[in-house]
Structure formats: C-alpha cells, structure tokens
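Shown next, in structure tokens, is the structure this report addresses.
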Amino acid sequence: MPAKPVKAKEQYRLVMECRSSGLTGHQWCRENGICPGTFYGWVRRLRQKGYQDIPEPVHSQRVSTKQEIVRIEPDIRQGRDVSPPLLETAYPAFPVPAMELSVAGMVLRIPNGTDPALLRETVRLIGGGSC
C-alpha cells in the first residue's frame, strides 16, 4: 500500500526539524522512518516552490586520514629523548610534508594545516625550546 501523501506545509516542518536537529539528513530520516530519497525530493520541490529559507544540510564529520598519537618518553637521567625515530613506512598514507624540522636527532615531517599549538608543544617536549 503506497504511503499517504504529505502536504507541503508538513514537508517544510519536517525538513526544518531535520536541519535544526544537528544530524545529517540520512541520520535524521533513519531515526524518523522517512526514506532519504523522499526527504531530499521534498527539499528540492520546496525550494522550487519558493521556500528559500531551508538551511544547507549538516555534513557528517568523517576523517579520511588515519592519525596516530605517539607518546615521546624523555630519558630523565640524561635529560634528552631516547625514543627511536619513526620509520617513514609506518605512515604510508601520511600527507606530503610542507616542512621538515630536525630536532634532537629526529626529523619531524609537518604537513600543511598542522595545529600551531600542537607543533609548539611537540617541539617543546622533545627539547627544541620554544617556537
């Protein structure tokens, strides 16, 4: 049995509820039992009818690159880092570095977009002073 048609006013209310929920359209539709294709059809038709105040969708926050945290243990007796350097092959998908920095006998490969506070703290921890 086909679903009962939903009037434009109700479609608009549902679209606005979705867009203010903080969920992606797909997540919201799944939680509310609405077919995503139907939902996006409503959005398209409502905009064509002049409902221009419909906000843009929330996009999922997927991270496409794998990033690992490596703890650097300083040698307290000697006051220097004795951790073995990371092998380049450990991160084959790591972005091409924009800068290489040699500190305390190690080479840091730093990609564009690195958080400056994270870089400053990393250099400080391995004995490079302040940035």
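Being a predicted model, the structure only gives us computed values, none of them experimental.
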Practice task
Kindly compute the distance separating CG (Asn32) from CG (Leu23), expressed to the nearest 0.5 Å.
Solution key: 8.5 Å

Exercise for the section: Could you name each residue pair satisfying side chain to side chain donor-acceptor pair (under 3.5 Å) that touches residues 12-21, not counting sequence neighbours? Expected result: Glu10-Arg13, Tyr12-Asp53, Arg13-Glu17

Fill in the blank from the handout: Closest heavy-atom pair, Ile54 versus Leu46, reported as atoms and distance to 0.1 Å, is CD1-CB, 3.8 Å

Handout entry: Counterpart residues, side-chain hydrogen bond (donor to acceptor under 3.5 Å, both in side chains), relative to Arg45 (two or more places apart)
Key = none

Exercise for the section: Hey, could you give me the SG/CH2 distance between Cys29 and Trp42, rounded to the nearest 0.5 Å? Expected result: 7.5 Å

Exercise for the section: Identify, with sequence neighbours excluded, every residue that meets ring pair (Phe, Tyr, Trp, His ring centres under 6.0 Å) alongside Trp28. Expected result: Phe39

Exercise for the section: Search all heavy atoms of Arg47 against all heavy atoms of Glu56 and return the closest pair with its distance. Expected result: NH2-OE2, 3.6 Å

Completion exercise
Separation between NE2 (His26) and CD (Glu31), nearest 0.5 Å, reads 10.5 Å

Fill in the blank from the handout: Residues Pro55 and Met16: closest non-hydrogen pair is CD-SD, 3.7 Å

